[in-house]
Amino acid sequence: MSLHERCPIICFDDLGDERGKLVVIEGNESIPFEIKRVFYIYGSDATVIRGQHANRESEFVLVNVAGRSKVRITDGEEEILVELNKPMIGVYIPPMVWKDMYDFSPDSVLLVLASTHYDGDEYIRDYDTYIQEIRKNQKGSPS
Ligand code: TYD
């Protein structure tokens, strides 16, 4: 499966009416996991690169609920760039892909939905270690 297929863009239901917009995200329905954790990143600017890690266990969905940012996702072979610039658009990030978030607009609020509670030990923050783990996993998996 290509990296694009593994990291789909998800369009959420927008139940807006004349009173304004309402976007709904339901765990195991509009996204492929139950939501255990929610955090959001704001106050970053165009000079900052966040993320710079892969997760061994966690799945994420990223949504810019205000402003915009970009996400670079790679598995060490393919790379995709996603611009998050609408509150009803998210990107799904499975375990064991490397991600960088960057180019934050001043008003950016990047909402992150996660499938796990926080565990710093499941983060891989060194890119060379990440590549080594990917290769080890590939060797271990049946062809
Ligand atoms: P970090 O993972 O570096 O943020 P990002 O990848 O989004 O740039 O997290 C920054 C700090 O916050 C770090 O000390 C770990 C802590 N943290 C938690 O305690 N719980 C969480 O759910 C997250 C995402 C981070």
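These values consider heavy atoms only, across backbone and side chains, with no hydrogens, waters or symmetry-generated copies. Read the numbers this way: they start at 1 and go in the same order the structure lists the ligands and their atoms. The model shown is predicted, which means the values in this text are computed figures rather than measured ones. For this chain, numbers begin at 1 and follow the sequence in order.
- Leu62 pairs in a side chain to side chain contact (heavy atoms under 4.5 Å, CB included) with only one of the listed residues (Ile10, Leu113, Leu84), which is Leu84.
- The shortest N/O to N/O separation between Tyr118 and ligand 1 does not fall below 3.5 Å.
- Every atom of ligand 1 is numbered from 1 in the order shown, and the set under 4.0 Å from a heavy atom of His53 is 2 (O), 5 (P), 6 (O).
- Not a single heavy atom of His117 sits under 4.0 Å from any atom of ligand 1.
- The closest protein non-hydrogen atom to atom 4 (O) of ligand 1 is Arg50 NH2, 3.3 Å.
- The distance from the CG atom of Asp45 to the OH atom of Tyr102 is 15.0 Å, given to the nearest 0.5 Å.
- For the residue pair Glu78 / Ser2, no side-chain donor-acceptor distance below 3.5 Å is found, with atom types taken as modelled.
- In this structure, atom 6 (O) of ligand 1 has protein heavy atoms in its sub-4.0 angstrom surroundings.
- Under the 4.0 angstrom criterion, atom 14 (O) of ligand 1 counts as lacking any protein heavy-atom contact.
- For Arg125, every heavy-atom contact with ligand 1 shorter than 4.0 Å involves the side chain, none the backbone.
- Only the side chain of Arg37 comes within contact range of ligand 1, with a heavy atom under 4.0 Å; no backbone atom does.
- Note: an N/O pair closer than 3.5 Å links Gly51 and ligand 1 by distance alone.
- For atom 25 (C) of ligand 1, the protein comes within 4.0 Å by at least one heavy atom.
- Side chain of Arg72 to backbone of Leu81: no donor-acceptor contact under 3.5 angstrom is found.
- The part of Ile41 lying near ligand 1 is the side chain, judged by heavy-atom distances below 4.0 Å.
- A distance-only check finds a donor-acceptor pair linking the side chain of Arg56 to the backbone of Asp121 [under 3.5 Å].
- Considering every non-hydrogen atom in both Asp75 and Tyr130, the closest pair reads CA-OH, 3.2 Å.
- Checking side-chain atoms of Asp17 against main-chain N and O of Arg19 turns up a donor-acceptor pair under 3.5 Å.
- Panel note: side chain Lys99, backbone Thr74; no donor-acceptor pair is recorded below 3.5 Å.
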